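Everything numeric in this text was worked out from a predicted model, so none of it was measured. Because only heavy atoms are used, hydrogens play no part in the values below, and waters and symmetry mates are left out as well, while side chains stay in.
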Amino acid sequence: MTVRTRIAPSPTGDPHVGTAYIALFNLCFARQHQGQFILRIEDTDQQRSTQASEQQIFDSLRWLGLDWDEGPDKGGDFGPYRQSERREIYAQYAQQLLDAGKAFKCYRTAEELDALRRERQLAGQSTALKPSDLALPADEVARREAAHAPYVVRMLVPEEEGVCEIDDLLRGKIELDWSMVDAQILLKSDGMPTYHLANVVDDHLMQITHVLRGEEWINSAPKHKLLYEYFGWEMPVLCHLPLLRNPDKSKLSKRKNPTSITFYQRMGYLPQALINYLGRMGWSMPDEQEKFSLDEMIAHFDIQRVSLGGPVFDVDKLSWLNGLYLREDLSDDQLIQALMQWAFNQDYVRQIMPQLRPRIEKLSDVAPLAAYFFSGMPAIRAEDLTGLKWPENIDLIEQMQLLVWEADQLREWNKDKLMQSIKALSQHAGMKMKDYLQPVFMAIAGSTSSTSVLDAMVILGPDMSRARLRHALNLLTEGQGPSKKQTKKFEKSYQAFLAAQQASEA
């Protein structure tokens with residue numbers, strides 16, 4: 001048997017360090033067994049998936065040295081490797097389940113589903129909906145079908161009490177309660193599959209032998225095991241890796257830690273240092289050495305050395321390790337070359353020159369004007385933000401949070417889109433855009449007097465710009481981010497903003 005592992009990231013945003021972490025362990029496991037590592041793109045969310053995000057996945061993983069044997073850009077014997085290109089395959093297998101009575105068409109509306117969940121919640125039951133909960137009278141099904149009402153395909157799941165036993169490579173036998181397993185949607189109303197159907201079908205057809213994934217998928221394992229049984233297929237070996245954690249042990253999130261691979265690249269971390277650090281997330285070399293290469297990790301890899309305790313992603317420790325690589329592994333010439341590749345190159349500097357040219361009188365003016373294009377987080381304090389001329393009746397923290405959310409959802413990162421979003425936010429707040437931009441200048445450039453902040457955000461890119469905005473927000477909230485009460489209030493405000501935007505576009 002040839003060992004075959006895979007990762008299946010979604011191209012819906014910035015490439016996540018968690019993706020690199022899972023990819024690293026899949027690659028090492030495959031190479032340890034002289035097997036193959038496959039990259040599959042899970043782009044079934046057609047509204048959020050973008051080609052640019054897919055390319056970022058390719059670029060960031062290759063920057064880290066995590067290359068694959070088969071994938072969308074390489075081809076292979078088991079393609080296509082984009083799930084959006086496999087739509088007919090999923091429809092065929094969904095129909096097979098319908099014909100076998102292992103799945104059913106569900107015509108329930110979103111309102112009806114919400115009501116059913118509320119009923120179960122009030123009764124003190126799990127909100128997992130079973131086939132009997134979703135059943136409609138035959139005449140009502142016929143009526144909705146005749147009216148061409150939208151429907152989804154759901155899988156049949158056990159109604160009775162009991163447990164599902166899952167064998168895990170790291171955790172041994174896991175028992176999960178069937179009462180918590182809902183009649184999962186397999187095929188959405190637009191004909192696209194959900195993760196559960198697509199990955200089971202793809203893993204079988206692509207002959208994946210071992211599925212190494214994050215522990216957040218443990219609760220989905222019973223559904224996957226059931227699907228393998230329905231199709232009569234052998235299930236791959238499952239291995240659920242521990243989730244990356246923030247220093248406070250919460251799940252790694254961009255609210256508390258930058259999570260984008262390209263952010264760390266933009267900050268000037270070396271790929272070998274980041275890979276080394278990710279390798280130390282819950283795993284250790286036999287001799288416990290802290291500094292090791294990808295080749296050394298592959299040579300000594302043993303999945304049983306993975307610790308199930310939540311590995312803490314500590315940026316300070318990553319910086320310490322990166323410093324070792326810079327000082328110990330790079331000669332002066334290599335360090336100069338690394339700096340040139342990182343930011344001191346013609347392509348990057350050429351983008352900055354139009355911002356500097358109108359403002360300089362001598363060459364020595366360039367360094368102070370351009371410094372923030374070559375730095376990490378600006379050296380600002382909360383007082384620098386609260387000391388700005390800002391209307392007392394408008395909550396600065398709220399506006400910074402709205403700005404962060406709006407920046408997060410921007411799929412096209414260009415000056416026009418940024419201008420449009422910030423202008424709309426300023427109007428929603430009842431402020432002039434010039435005034436609204438003051439904290440943005442401070443967050444991005446560390447000063448209210450700098451080159452064009454919108455142009456700077458384009459040059460710095462979405463990862464660094466979002467990180468700087470979030471850094472400013474954290475300074476305003478003493479590093480904790482908005483409280484739960486504040487977040488709830490801000491979410492209502494942001495939804496009102498979005499609704500106003502939709503109404504203006506209608």
Side-chain angles (χ1 to χ4, degrees), residues 7 9 13-28 56-57 59-66 214 241-285 288-298 300-301 305-307 309-330 334-335 338-339 341-343 374-379 460-468 470-471 474-475 479 481:
I7 55 163
D14 305 328
H16 199 283
V17 289
T19 298
Y21 161 67
I22 297 295
L24 171 62
F25 281 75
N26 273 277
L27 175 68
C28 288
Q56 276 191 313
I57 292 171
D59 294 344
S60 60
L61 291 180
R62 283 209 173 97
W63 174 70
L64 288 169
L66 302 175
L241 298 167
L243 287 175
L244 298 183
R245 302 281 175 182
N246 292 308
D248 64 1
K249 296 295 184 178
S250 61
K251 180 181 175 181
L252 185 67
S253 67
K254 59 188 176 186
R255 181 182 176 187
K256 296 185 178 179
N257 252 335
T259 58
S260 168
I261 301 170
T262 46
F263 166 80
Y264 291 97
Q265 182 180 11
R266 182 65 189 80
M267 280 287 290
Y269 289 92
L270 298 175
Q272 57 267 41
L274 183 51
I275 275 293
N276 187 164
Y277 189 69
L278 290 173
R280 295 179 66 241
M281 295 288 96
W283 184 84
S284 60
M285 291 281 281
E288 302 293 334
Q289 71 182 79
E290 292 193 274
K291 187 165 170 269
F292 50 83
S293 68
L294 176 57
D295 287 342
E296 288 175 313
M297 182 175 176
I298 291 172
H300 294 90
F301 190 73
R305 291 188 63 83
V306 172
S307 168
V312 173
F313 191 92
D314 187 330
V315 177
D316 290 338
K317 288 185 179 178
L318 169 60
S319 296
W320 167 80
L321 184 61
N322 196 67
L324 290 186
Y325 274 90
L326 289 172
R327 294 188 298 272
E328 297 176 1
D329 287 32
L330 301 186
Q334 289 172 322
L335 183 55
L339 284 166
Q341 289 175 348
W342 168 63
F374 300 93
S375 61
M377 296 301 105
L460 288 167
D463 299 306
M464 181 60 77
S465 298
R466 289 167 180 155
R468 290 187 183 186
R470 194 169 282 108
H471 175 63
N474 286 337
L475 287 175

Smallest separation among heavy atoms of [X] and [Y], with atom names:
X: Ala20; Y: Leu66; answer: O-CD1, 3.7 Å
X: Phe263; Y: Ala467; answer: CE1-CB, 3.4 Å
X: Asn322; Y: Ala273; answer: OD1-CB, 3.2 Å
X: Ala23; Y: Leu61; answer: CB-CD2, 4.4 Å
X: Gly279; Y: Phe25; answer: O-CZ, 4.0 Å
X: Ser260; Y: Asp14; answer: OG-CB, 3.5 Å

Exercise for review: Quick one: do Met267 and Ser319 satisfy side chain to side chain contact (heavy atoms under 4.5 Å, CB included)? Show the steps, please.
Suggested key: CA-CA 10 Å; Met267 280 287 290; Ser319 296; over 6 Å; no
Min side-chain heavy-atom separation [X]-[Y] under 4.5 Å:
X: Arg266; Y: Leu460; value: yes
X: Pro242; Y: Val306; value: yes
X: Met297; Y: Leu24; value: yes
X: Lys291; Y: Asp329; value: yes
X: Leu270; Y: Leu330; value: yes
X: Gln272; Y: Leu294; value: no
X: Glu296; Y: Gln289; value: yes
X: Asn474; Y: His471; value: no

Exercise for review: Could you check Tyr269 against Tyr277 for side chain to side chain contact (heavy atoms under 4.5 Å, CB included), going step by step and ending with a plain yes or no?
Suggested key: CA-CA 11 Å; Tyr269 289 92; Tyr277 189 69; over 6 Å; no
Check your understanding: Under 3.5 Å, is there a donor-acceptor pair between the Ser293 and Asp295 side chains?
Key -> no
Do [X] side-chain atoms and [Y] backbone N/O form a donor-acceptor pair below 3.5 Å?
X: Asn276; Y: Glu290; value: yes
X: Asn257; Y: Phe313; value: yes
X: Ser60; Y: Gln56; value: yes
X: Asp314; Y: Asp316; value: yes
X: Trp283; Y: Ser307; value: no
X: Arg305; Y: Gly282; value: no

Practice item. Any chance you could lay out the side chain to side chain contact (heavy atoms under 4.5 Å, CB included) test for Leu274 and Leu318, step after step, and finish with the verdict? Key: CA-CA 7 Å; Leu274 183 51; Leu318 169 60; 3.9 Å; yes
Point to revise | side chain to side chain contact (heavy atoms under 4.5 Å, CB included) between Met464 and Met377, intermediate numbers included | key: CA-CA 9 Å; Met464 181 60 77; Met377 296 301 105; 3.6 Å; yes
If you round to the nearest 0.5 Å, how far is [atom2] of [Y] from [atom1] of [X]?
X: Leu243; Y: Leu252; atom1: CG; atom2: CG; value: 9.0 Å
X: Leu64; Y: Tyr21; atom1: CG; atom2: OH; value: 15.0 Å
X: Ile7; Y: Asn26; atom1: CD1; atom2: CG; value: 7.0 Å
X: Ile261; Y: Asp59; atom1: CD1; atom2: CG; value: 10.5 Å

